[in-house]
2 protein chains.
Amino acid sequence: MATMKDVAKAAGVSTATVSATLSGACFVSPELQARVATAIDALGYQRNSVASGLKLGRTSLIGLVVSDVTNPFFTELVQSVQDLARSRGYSVLLGISDHSVEREAELLRLMRSHQAEGTILCPAGAVEDYSSLRLNFGRMKVVAVDNASPELPFDTIALENDKAAKLAVQHILSFGHRRLAIMSGPAHQFVSQRRLDGFLAALKEKNLKADPAFIRRGDFRIEDAHRSCAELIARPKRPTAIFVANNLMLIGVMRALAEARLSVPGQVSVASIDDFPWSSAFHPALTVVRQPIALMATAALDCLLRRMEGDESAPTRQTFEPELIVRHSCAKPGAER
Amino acid sequence: MATMKDVAKAAGVSTATVSATLSGACFVSPELQARVATAIDALGYQRNSVASGLKLGRTSLIGLVVSDVTNPFFTELVQSVQDLARSRGYSVLLGISDHSVEREAELLRLMRSHQAEGTILCPAGAVEDYSSLRLNFGRMKVVAVDNASPELPFDTIALENDKAAKLAVQHILSFGHRRLAIMSGPAHQFVSQRRLDGFLAALKEKNLKADPAFIRRGDFRIEDAHRSCAELIARPKRPTAIFVANNLMLIGVMRALAEARLSVPGQVSVASIDDFPWSSAFHPALTVVRQPIALMATAALDCLLRRMEGDESAPTRQTFEPELIVRHSCAKPGAER
DNA sequence: GCTAGTCAGCTAATCGATTAGCTAAACGTT
DNA sequence: AACGTTTAGCTAATCGATTAGCTGACTAGC
């Protein structure tokens, strides 16, 4: 690849002139500008961002670490962050932690090593896993999205998770259900706790108590939810409705119900958190609580950019409003076994 | 951030010694190694990949350009490529072209500017859009995945698309359908052409001809397919089966069918290309043709790495076997209107 | 005619890691 | 003792872009 030196030689000027021409051209005569431009496309020159990144300490890279891209929530987050970053002149280094806190830490080090100016992290762990991090990780800024406890030592962007769960569960209860189960997430994750809290709060409002056997712990993935739900519905007295704490577990639940030939919502009502493209094409169309992912991505990136510009004030907490999307997967409790 | 110089000073050695210690330690005494190690974690030193990338001309970055991450095929591809790249010591710079050839070209330039050593490209355009590219784009290697015509001037990795379509259509035909429609992709894309070819070939085997009104052109996205399918089934004589050329259009089709209260497979049979996590949780479970995405990702990365190691031989073509997954969305043609 | 001022454009140092090539100490051999 | 050989570790150049600071040409004012 041609370097700036080559361009300078071809145009008969110094590298300083080439550099000046490329970046705003303050004091370069039109004639030299033209000669430089000619040389540039004769040689197919393109700026080497690595060299310029080294010199300037600005790489125009941001990191994005998610636990699982195949989760439609993260897929859409990746999409939004990518779009926004591009429009602001940044490129995205993607990392997938696969729910492992160790891998996550490794990815964060990797992002730092590549001199990412900031990283948007979707933490997979519990609060205590991040105590060593700060607003800065080296000179790299960090903001947390999704599983973001307000106790984290950096900026957080999250859904009002308890409210989201409550909305869904209140909707289920409005049909008169009394035997509700929850497919919850990993106990150590803040986001699971909040969603469980919302579930319990909604029950309490109706003076209902959750059967402990109906509080299932999943890992936010398909397989585990599938198995757990199969067990659940095999019980002598099965629940008449299931609240599912995320979209991937919803797949597992719907599979298990289909295999057991239980109709939704005839025999079992289902509602979950996370909307996704398939939810309305499903039969029945699924009632879900939607997270404003694009807004959250914007907030995360804005927040990160503010930090990258040098804001060192105390960590901020932003929460977002969930929205209940009523479709057809909840109805009156049907004939019980 | 601490630099190697700082570490050298703290350990009382030269930067050469620190560098040698970090990379394989050929001739560094255990004592100095220990002093360097101590200094490194006292200062929290981490190698600056930008500086080392500049010096070595090796950034350990590869680019990945897809047209749409929210398409489950690409989501899984991103996941697989990311995994494999990580295991081989590379990080992934992600780019999303949003089906735009211009943006794709811009992303390729961006990858090159960041000195990505290679890029896996899922082309959104037609063959002629890539004639200016070669095996190398600057010093960056390029391989194409998915919409990869054998006429492209670089390595290609693709499904046997005609065969994939044929498998699905033969399956549909085996139930005795005679009025088939196809939701095809953009005409300029190689992958659409091949899938259409396969569709037509399967019909021909049974001495059937496709009604021109039943050959629908989509853009591989939800909305357009939804609208197009709504039109299709509103026709006086609607098809008894629909073959859909990708997963996103399948969503649109299923939505349109649900809205028109047409039962699947009772009134309309449906089969498509691309398996995805929801397909079996769907009601009815969807009959699809699966692409071996993980294999394709492995092939793409292996191919890219070979090129990165200096292989300059002629472009290779790899195609992969589709697999029909029979579920429950196809059946005998039902009562016609 | 001479000095001061202006500014286009150049020279050279710099970012941080790597490494070719060098120095000097230590050891073995005769 | 003298010399060669080995090897631990250092010095300094290098990658490519940026930019502080300098040079020298030109203009203006006295």
Side-chain angles (χ1 to χ4, degrees), chain A residues 1-37 39-40 43-61 89 109-110 112-117 138-140, chain B residues 1-37 39-40 43-61 89 109-110 112-117 138-140:
Chain A
M1 283 295 295
T3 70
M4 207 151 100
K5 230 181 200 166
D6 302 326
V7 174
K9 196 174 297 171
V13 299
S14 73
T15 60
T17 304
V18 178
S19 181
T21 306
L22 284 172
S23 55
C26 336
F27 289 115
V28 183
S29 70
E31 192 219 321
L32 285 201
Q33 281 189 37
R35 261 158 61 195
V36 168
I40 283 178
L43 295 171
Y45 169 78
Q46 193 185 15
R47 174 197 260 110
N48 181 330
S49 302
V50 172
S52 106
L54 173 62
K55 176 63 191 172
L56 296 177
R58 289 196 65 243
T59 53
S60 299
L61 285 177
R109 283 194 299 274
L110 195 79
R112 185 175 62 171
S113 157
H114 282 294
Q115 309 299 112
E117 298 175 39
R139 79 146 58 72
M140 180 176 81
Chain B
M1 284 293 297
T3 71
M4 205 151 102
K5 229 180 200 167
D6 301 327
V7 174
K9 195 174 297 172
V13 299
S14 73
T15 59
T17 305
V18 178
S19 180
T21 306
L22 284 172
S23 55
C26 336
F27 289 115
V28 184
S29 70
E31 192 218 322
L32 285 200
Q33 281 190 37
R35 260 159 60 195
V36 168
I40 282 177
L43 295 171
Y45 168 79
Q46 193 185 14
R47 173 198 262 110
N48 180 331
S49 303
V50 171
S52 108
L54 173 62
K55 176 64 192 168
L56 297 177
R58 288 197 64 244
T59 53
S60 298
L61 285 177
R109 284 195 298 274
L110 193 81
R112 184 175 64 170
S113 157
H114 281 295
Q115 309 299 111
E117 297 174 40
R139 77 146 59 73
M140 180 176 82

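Labels below follow one simple rule: chain letters A, B, ... track the order of the sequence lines, proteins then strands, and each chain is numbered from 1.
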Value in whole Å for how far the [atom2] atom of [N] lies from [atom1] of [X]:
{"X": "D6(B)", "N": "dA17(C)", "atom1": "CG", "atom2": "C1'", "result": "13 Å"}
{"X": "E31(B)", "N": "dG9(D)", "atom1": "CD", "atom2": "P", "result": "8 Å"}
{"X": "L22(B)", "N": "dG16(C)", "atom1": "CG", "atom2": "P", "result": "16 Å"}
{"X": "K5(B)", "N": "dA13(C)", "atom1": "NZ", "atom2": "P", "result": "14 Å"}
{"X": "K9(A)", "N": "dG16(D)", "atom1": "NZ", "atom2": "P", "result": "12 Å"}
{"X": "L56(B)", "N": "dC15(D)", "atom1": "CG", "atom2": "C1'", "result": "9 Å"}
{"X": "N48(B)", "N": "dT18(C)", "atom1": "CG", "atom2": "P", "result": "9 Å"}
{"X": "Q46(B)", "N": "dA17(C)", "atom1": "CD", "atom2": "P", "result": "11 Å"}

Compare side-chain N and O positions of [X] against OP1 and OP2 of [N] and report whether any pair is under 4.0 Å apart.
{"X": "S52(A)", "N": "dA17(D)", "result": "no"}
{"X": "S19(A)", "N": "dT19(D)", "result": "no"}
{"X": "S14(B)", "N": "dC10(D)", "result": "yes"}
{"X": "T15(A)", "N": "dG16(D)", "result": "no"}
{"X": "R47(B)", "N": "dT18(C)", "result": "yes"}

Determine the contact category for L54(B): base if any of its heavy atoms lies under 4.0 Å from a base atom, sugar-phosphate if only primed atoms, P, OP1 or OP2 are that close, otherwise nothing.
->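 Base: the residue L54(B), judged by heavy atoms under 4.0 Å, touches a nucleobase.
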Looking across every strand, which nucleic acid part, if any, lies under 4.0 Å from V13(B) by heavy atom: base, sugar-phosphate, or nothing?
->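 Contact class for V13(B): sugar-phosphate only.
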Using the closest heavy atom to pick a nucleotide of DNA chain D for each, name whichever of G12(B) or A16(A) lands nearer the 5' end.
->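 Closest to the 5' end, via its nearest nucleotide, is G12(B).
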Take R139(B) and S29(B), find for each the nucleotide of DNA chain D with the closest heavy atom, and name the residue whose nucleotide sits nearer the 5' end.
->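 Looking at the nearest nucleotide for each, S29(B) comes out on the 5' side.
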Which of these, L61(B), T59(B), N48(B), sits in a side-chain contact (heavy atoms from CB on, under 4.5 Å) with H114(A)?
->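 Only one of L61(B), T59(B), N48(B) forms a side-chain contact (heavy atoms from CB on, under 4.5 Å) with H114(A), namely L61(B).
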V50(A) vs L54(A), side-chain contact (heavy atoms from CB on, under 4.5 Å): CA-CA, chis, key distance, verdict | CA-CA 6 Å; V50(A) 172; L54(A) 173 62; 5.8 Å; no
Of all the choices, dC10(D), dA17(C), dT18(D), which nucleotide is nearest to the side chain of K55(A) once you look at every atom?
->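 Looking only at heavy atoms from C-beta outward on K55(A), the closest nucleotide is dT18(D).
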Measure from the side chain of T17(A), starting at C-beta and using heavy atoms only, and say which of dA17(C), dA17(D), dG9(C) lies closest.
->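 Given the options dA17(C), dA17(D), dG9(C), the side chain of T17(A) is closest to dG9(C).
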Using atom types as modelled and distance alone, determine if a side-chain donor or acceptor of [X] lies under 3.5 Å from a backbone N or O of [Y].
{"X": "Q115(A)", "Y": "G57(A)", "value": "no"}
{"X": "S113(B)", "Y": "R109(B)", "value": "no"}
{"X": "S19(A)", "Y": "T15(A)", "value": "no"}

